[in-house]
Structure formats: C-alpha cells, structure tokens
S.K.: 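Mind having a look at this structure? Questions to follow.
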Amino acid sequence: MSNNIFLIGFMGSGKSTIGRFLQKELNMELVEMDARIVEEQGMSINDIFAEKGEDYFRDLESRLVLDLNNEGNTIVSCGGGVVIRLENVENMKKNGKIVFLSATPDTIYERVKNSTERPILNGHMNVEYIAGLMEKRRALYENAADIRIETDGKTRDEICKEIIDKL
C-alpha cells in the first residue's frame, strides 16, 4: 500500500497488538505514535502530561500526524485521543485509511487494569469511568473511521483478516 493505515480507538482497544500483526502481514512500516513522542521528548507520556500539560501533548500528536503523511506505507498505532482534534482526522484522511478498533468498557478494563502508563485513567481505573470516557469519544471515533472493527471475542488473526478484507 502506498497510503498509511491509521489505527484509532480507545486505549486498550488493540491498536498496538493489531499494528504489529498487520505490519508482518502487509510488509509495512509500523509507528507507535505514543512511543515516538516519548522517544522524541525524552520523557514518558505521564511526565509530559504532568510537566507540560495535555494541550502540549496534543500539539505533539498533531505535528506527528503531519510528519507521518510524508512517510507513506506505514501502519500508525495512534494515541487514544488523536481524534479529539478534527485537524488530525482531516490530515489522516489525506494520506490513508482510518480503522476504528472498538471494544466494550469491560474488555478495555481487563486489558489496561494493570497499566501505569495511562495518564487519563490515573486514579480512575474502573469500568464506570472507562465507559464514561469512551462514550464521550465514541462519536469522534465513529465519525473519523473509514472502517470499523469490533475486537471483542476475536483473535488477532481474525481482526487482521477482517481489516485486510475491508481495505
């Protein structure tokens, strides 16, 4: 593919895992947005949020989306909040397909409950809080998506096959 594949969805929806599998299946580059930001900034996402604030972090995401449009042939595992800014969605659509990976709040909780690298959930690691935050973002994900994939109860292979078939 000459265009990018942007994987979006709430934290814990499977973007990183599915990104790695798609990378092998499609022989494309893989970029983890959060990991690249951590590398470039020399500090964790938690530290960026604490020291510089969420707006600063969202600015970094927006710049990275623009940079990735110049790379092409890349699977991009996006940060969970990348769709908060409409400009990011518009820029992703210019050079790629946006795949929304969705899961239930219970599934998300099971996948992230032991993580300490989720600044949005710090102090709120429970299904009810996750469900509320997911509901606030659901329309953003759905409106951005070219393709929507439900991940609950599916294997990585099944999810990747479904994505490839829909691409």
Side-chain angles (χ1 to χ4, degrees), residues 4-23 29-71 74-96 98-145 148-149 151-152 156 159:
N4 296 327
I5 299 170
F6 294 95
L7 301 176
I8 65 168
F10 199 76
M11 62 187 85
S13 63
K15 300 179 301 285
S16 295
T17 300
I18 298 306
R20 286 190 299 274
F21 273 75
L22 283 175
Q23 175 188 26
E29 295 297 317
L30 174 65
V31 171
E32 292 275 350
M33 284 184 72
D34 287 350
R36 182 163 301 176
I37 289 170
V38 165
E39 182 181 322
E40 290 173 355
Q41 295 295 302
M43 61 174 51
S44 71
I45 302 294
N46 282 337
D47 289 344
I48 294 169
F49 268 67
E51 293 178 26
K52 300 188 178 196
E54 184 174 355
D55 285 341
Y56 179 82
F57 177 77
R58 299 296 172 207
D59 290 342
L60 295 172
E61 279 183 325
S62 295
R63 279 195 293 275
L64 182 51
V65 167
L66 288 173
D67 291 345
L68 291 169
N69 274 343
N70 296 324
E71 293 183 21
T74 302
I75 296 163
V76 183
S77 174
C78 297
V82 73
V83 296
I84 290 171
R85 291 188 176 174
L86 183 57
E87 69 191 77
N88 292 340
V89 173
E90 292 169 350
N91 286 323
M92 289 187 288
K93 285 185 178 283
K94 286 179 185 174
N95 192 33
I98 300 175
V99 178
F100 170 30
L101 300 178
S102 67
T104 65
D106 290 313
T107 297
I108 298 294
Y109 174 75
E110 286 302 315
R111 292 175 181 169
V112 304
K113 67 183 178 185
N114 297 319
S115 173
T116 58
E117 296 297 317
R118 314 281 181 171
I120 297 292
L121 294 181
N122 287 350
H124 304 285
M125 189 62 78
N126 59 69
V127 173
E128 295 77 23
Y129 184 81
I130 290 169
L133 191 52
M134 285 177 72
E135 191 54 38
K136 289 178 187 173
R137 291 186 181 175
R138 181 169 310 284
L140 295 172
Y141 293 133
E142 289 176 352
N143 291 334
R148 180 179 174 167
I149 306 290
T151 64
D152 293 296
R156 293 175 289 216
I159 295 166

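Computed over heavy atoms, backbone and side chain alike; hydrogens, waters and symmetry mates excluded. Source: prediction; values computed, not measured.
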S.K.: With rounding to the nearest 0.5 Å, note down the distance linking OG in Ser16 to CD1 in Ile75.
M.R.: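 Here the rounded value is 12.0 Å.
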S.K.: For Glu87, look at atom CD and say whether over 12 heavy atoms of other residues, nucleotides or ligands are found less than 6.0 Å away.
M.R.: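 Check passes, neighbour count above 12.
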S.K.: I'd like to know if the side chain of Tyr141 and the backbone of Arg148 have a donor-acceptor N/O pair within less than 3.5 Å.
M.R.: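 Not a single qualifying donor-acceptor pair exists.
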S.K.: Does the side chain of Phe57 come within less than 4.5 Å of Lys52's, by heavy atoms?
M.R.: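 In short, these two side chains do not touch, never coming nearer than 4.5 Å.
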S.K.: Mind listing the closest non-hydrogen atom pair of Ala144 and Val83 along with its distance?
M.R.: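 Heavy atoms only, the tightest pair is CB-CG1, 4.1 Å.
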S.K.: Do Asp59 and Arg85 touch side chain to side chain, with heavy atoms closer than 4.5 Å?
M.R.: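 The answer is yes, as the side chains (C-beta and beyond) meet within the 4.5 Å cut-off.
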S.K.: Heavy-atom count check: over 12 atoms from other residues, nucleotides or ligands less than 6.0 Å from Glu29 CD?
M.R.: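 It does not: Glu29 CD has 12 such atoms or fewer within range.
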S.K.: Let's go through Ile84 and Arg137 carefully: what are the C-alpha distance in whole Å and the side-chain angles of both, what is the deciding distance for side-chain contact (heavy atoms from CB on, under 4.5 Å) to 0.1 Å, and is it a yes or a no?
M.R.: CA-CA 8 Å; Ile84 290 171; Arg137 291 186 181 175; 3.9 Å; yes
S.K.: In the structure I gave you, are the side-chain heavy atoms of Leu60 and Glu40 within less than 4.5 Å of one another anywhere?
M.R.: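 A side-chain contact under 4.5 Å is absent here.
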S.K.: Check whether any side-chain N or O of Asp152 sits under 3.5 Å from a backbone N or O of Thr104 as a donor-acceptor pair, and report yes or no.
M.R.: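 It does hold such a pair.
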S.K.: Go through it in stages, so that I can follow the logic: the residues are Val76 and Met92, the test is side-chain contact (heavy atoms from CB on, under 4.5 Å), and I'd like the CA-CA distance, side-chain angles, deciding distance and then a yes or no.
M.R.: CA-CA 10 Å; Val76 183; Met92 289 187 288; over 6 Å; no
S.K.: To check you understand the geometry: which heavy-atom pair defines the closest contact between Val99 and Ile149, and what is its length?
M.R.: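 Residues Val99 and Ile149, closest heavy atoms: CG1-CG1, 4.0 Å.
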S.K.: Nearest 0.5 angstrom please: Ile45 CD1 to Ile48 CD1, how far?
M.R.: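 Ile45 atom CD1 to Ile48 atom CD1 measures 4.5 Å (nearest 0.5 Å).
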S.K.: Could you report the tightest heavy-atom contact between Thr151 and Ala103, atom names first, then the distance?
M.R.: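 Result for this residue pair: OG1-CB, 3.5 Å.
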S.K.: Output the distance between atom CZ (Phe6) and atom CG (Leu68), rounded to the nearest 0.5 Å.
M.R.: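 Nearest 0.5 Å value for the CZ-CG distance: 6.0 Å.
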S.K.: Can a donor-acceptor pair be found, under 3.5 Å and without considering hydrogens, that links the side chain of Lys15 to the backbone of Glu32?
M.R.: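 No: the side chain of Lys15 does not pair with the backbone of Glu32.
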S.K.: Just how far is it from atom CD1 of Ile8 to atom CD of Glu142, taken to the nearest 0.5 Å?
M.R.: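 So the CD1 of Ile8 and the CD of Glu142 are separated by 9.5 Å.
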S.K.: What distance separates Ile18 CD1 from Ile5 CD1, expressed to the nearest 0.5 Å?
M.R.: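 Answer rounded to 0.5 Å: 12.0 Å.
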S.K.: Can you establish whether the number of heavy atoms outside Arg156 located under 6.0 Å from its atom CZ is more than 12?
M.R.: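 No, not enclosed.
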S.K.: Looking at Glu71 and Arg36, is any side-chain nitrogen of the basic one under 4.0 Å from a carboxylate oxygen of the acidic one?
M.R.: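 Looking at Glu71 together with Arg36, the answer is yes, because their closest N to O distance falls below 4.0 Å.
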S.K.: Measuring from Phe100:CZ to Asn143:CG, what's the distance to the nearest 0.5 Å?
M.R.: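 Here the interatomic distance stands at 10.5 Å.
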S.K.: Within the side chain of Asn91, is there an N or O that forms a donor-acceptor pair under 3.5 Å with the backbone of Leu66?
M.R.: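 Such a contact is absent between Asn91 side chain and Leu66 backbone.
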S.K.: Can you see which heavy atom on Ile98 is nearest to which on Val89, and at what distance?
M.R.: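 Heavy atoms of Ile98 and Val89 come nearest at CD1-O, 4.0 Å.
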S.K.: For the pair Arg58 and Glu61, find out whether any cationic side-chain nitrogen is under 4.0 Å from an anionic carboxylate oxygen.
M.R.: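 Salt bridge between Arg58 and Glu61, a charged N being under 4.0 Å from a carboxylate O: yes.
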S.K.: Does Thr17 use its side chain to pair, donor to acceptor, with the backbone of Gly14 at less than 3.5 Å?
M.R.: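 Checked: no pair found.
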